[in-house]
Amino acid sequence: MLENFTYLYHGFGIASDPFNILLMAIGILLGVIIGVLPGLGGANGVAILLPLTFSMSPTSAIILLTCIYWGALFGGAITSVLFNIPGEPWSVATTFDGHPMARSGRAGEALTAAFTSSFIGAFFAVVMITLIAPLVAQFALQFGPAEKFAVYFLAFASFVGMSKEPPAKTIVSMMIGFALAAVGLDMVTGQLRLTFGVTELLNGFDFLIAVIGLFGIGEILLTMEEGLEFRGKAAKIDPKVVWKTWKTLPKYWATSLRSIVIGCWMGITPAGATPASFMAYGIAKRVSKNGKNFGNGEIEGVVAPETAAHAAGTAAMLPMLALGVPGSPTAAVLLGGLLIWGLQPGPMLFVEQAEFVWGLIASMYLGNIVGLILVLTTVPLFASILRIPFSIIAPVILVICAIGAYTVNNNVFDVLMMMVFGVLGYLLKKTNYPLAPLVLAIVLGDSAEEAFRQSLLGSAGSISVFWSNPLVSSIMGLGLLAGLWPLIGMLFNKLRASPQPA
């Protein structure tokens with residue numbers, strides 16, 4: 001352990017080189033821009049800029065690329081809070097309370113809470129990587145298809161059981177998401193599903209297209225109906241707002257700690273930042289004393305998903321470095337970069353390339369500090385967008401959404417589907433059906449189905465595979481408990497209200 005701290009000390013010497021600090025700042029700014037633009041995403045941004053790093057040393061190159069990733073994590077919250085358009089998939093849960101805060105004139109408070117929570121989640125995830133990398137790597141090796149499905153099942157069940165929404169509406173919304181996730185070519189049997197002869201649906205629906213439509217276009221339609229204006233357009237940001245928000249955040253230490261644990265767990269397993277943010281939000285909504293106000297502009301509803309998403313996004317680097325198994329799409333792109341530079345991720349990387357590994361870990365600490373400073377100093381710039389009249393900004397948002405949808409696959413059909421999802425989002429909001437379970441099902445539907453079918457193939461069709469060892473049994477047990485929690489609570493209340501014998 002002491003040897004690791006020695007390596008980390010030398011790593012800070014490498015990461016604090018002025019050139020590398022400059023790369024951090026450039027990477028963060030590029031990442032924020034990538035995170036703000038719907039449809040681009042951190043993985044795409046890193047992939048596009050990867051060739052520019054081939055002339056750099058591996059350490060400088062990975063510092064630049066990881067800081068683009070950190071910047072995208074930060075930037076995804078900006079459009080989520082200001083326009084209810086998630087710049088990144090993991091920012092969807094941030095819209096639930098972040099945007100209502102902006103509409104009520106608290107944009108600066110929402111953005112400060114989001115950025116600060118993001119920093120805290122990432123910081124503790126890096127501390128975890130530093131302290132327990134060997135143990136976590138060994139634990140992650142135990143996750144097979146059954147364990148992965150159990151994690152997905154826990155995420156789905158948590159939404160049904162822990163949400164304050166009616167379970168029936170949550171399940172209906174989730175079923176719509178599963179149906180949409182099933183569209184396209186079945187990778188196991190090679191059969192087409194729910195394409196109805198439309199060749200453009202062979203690859204199914206892209207998640208980003210659905211999110212841009214459901215949240216971006218749906219929100220524009222609702223706002224047009226309500227009067228073509230931003231209720232929070234007079235938002236004003238100054239250092240006092242930042243300081244005031246910082247003074248209130250320690251009250252939510254339990255929410256932050258719980259979200260860090262959820263995020264690190266999801267990042268390592270790897271389920272990813274998106275389900276981590278949803279699960280953290282759902283649990284926070286269930287256990288918070290202000291849970292009834294979630295969705296109406298509760299700052300705790302911003303703290304939970306942002307902390308979890310950044311913890312998961314950062315923790316995903318651990319299995320990539322220690323095992324050579326990427327924990328996220330962006331980590332997969334970074335893995336390709338390491339291989340191009342002649343570095344083989346895995347346990348031996350810590351031995352053969354200790355200088356590189358610990359320089360990268362040190363850059364995670366410094367990169368997040370640089371990122372927090374940069375995004376907080378630019379909060380007034382982004383918050384001032386709310387002062388623009390909606391009649392001007394709405395067409396701009398539509399154009400940005402259309403460009404984002406088109407650039408996903410360079411396909412006009414995706415723009416049309418974005419509009420279809422926008423109408424669907426509008427109808428669901430008008431009928432008070434939650435969007436979060438639908439989005440979660442679209443995101444994880446394919447992965448959950450794949451893990452489920454792989455598990456059954458490996459067990460010759462026996463469902464007992466999901467109870468075959470203590471690890472998978474405990475996760476499935478937690479999932480069942482979460483899913484049945486409303487029924488358990490109902491029975492408990494009935495027992496408590498029943499008359500006691502004299």
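Residue indices begin at 1 and follow the sequence shown.
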Quick one: does any side-chain atom of [X] pair with a main-chain N or O of [Y] as donor and acceptor, under 3.5 Å?
X: Ser259; Y: Ala308; value: no
X: Asp97; Y: Gly295; value: yes
X: Arg106; Y: Ile299; value: no
X: Thr307; Y: Ala304; value: no

Check the orientation of Phe452 and Phe149. Use parallel for under 30°, tilted for 30 to 60°, and perpendicular for over 60°. tilted
Report yes if some heavy atom in the side chain of [X] is under 4.5 Å from a heavy atom in the side chain of [Y]; otherwise report no.
X: Pro100; Y: Asn296; value: no
X: Met128; Y: Ile260; value: no
X: Val172; Y: Lys169; value: no
X: Tyr433; Y: Ile176; value: no

Looking at Phe178, I'd like to know if its CZ atom is crowded, meaning that more than 12 non-hydrogen atoms belonging to other residues, nucleotides or ligands lie closer than 6.0 Å.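 It does: Phe178 CZ has more than 12 such atoms within range.
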Take atom CZ in Phe124; do more than 12 heavy atoms of anything else shown fall under 6.0 Å from it?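 Not buried by this count: 12 neighbours or fewer within 6.0 Å.
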Is there a donor-acceptor contact under 3.5 Å linking the side chains of Ser118 and Glu306? yes
Residues Leu180, Leu194; criterion side-chain contact (heavy atoms from CB on, under 4.5 Å); working and verdict: CA-CA 9 Å; Leu180 293 172; Leu194 303 176; over 6 Å; no
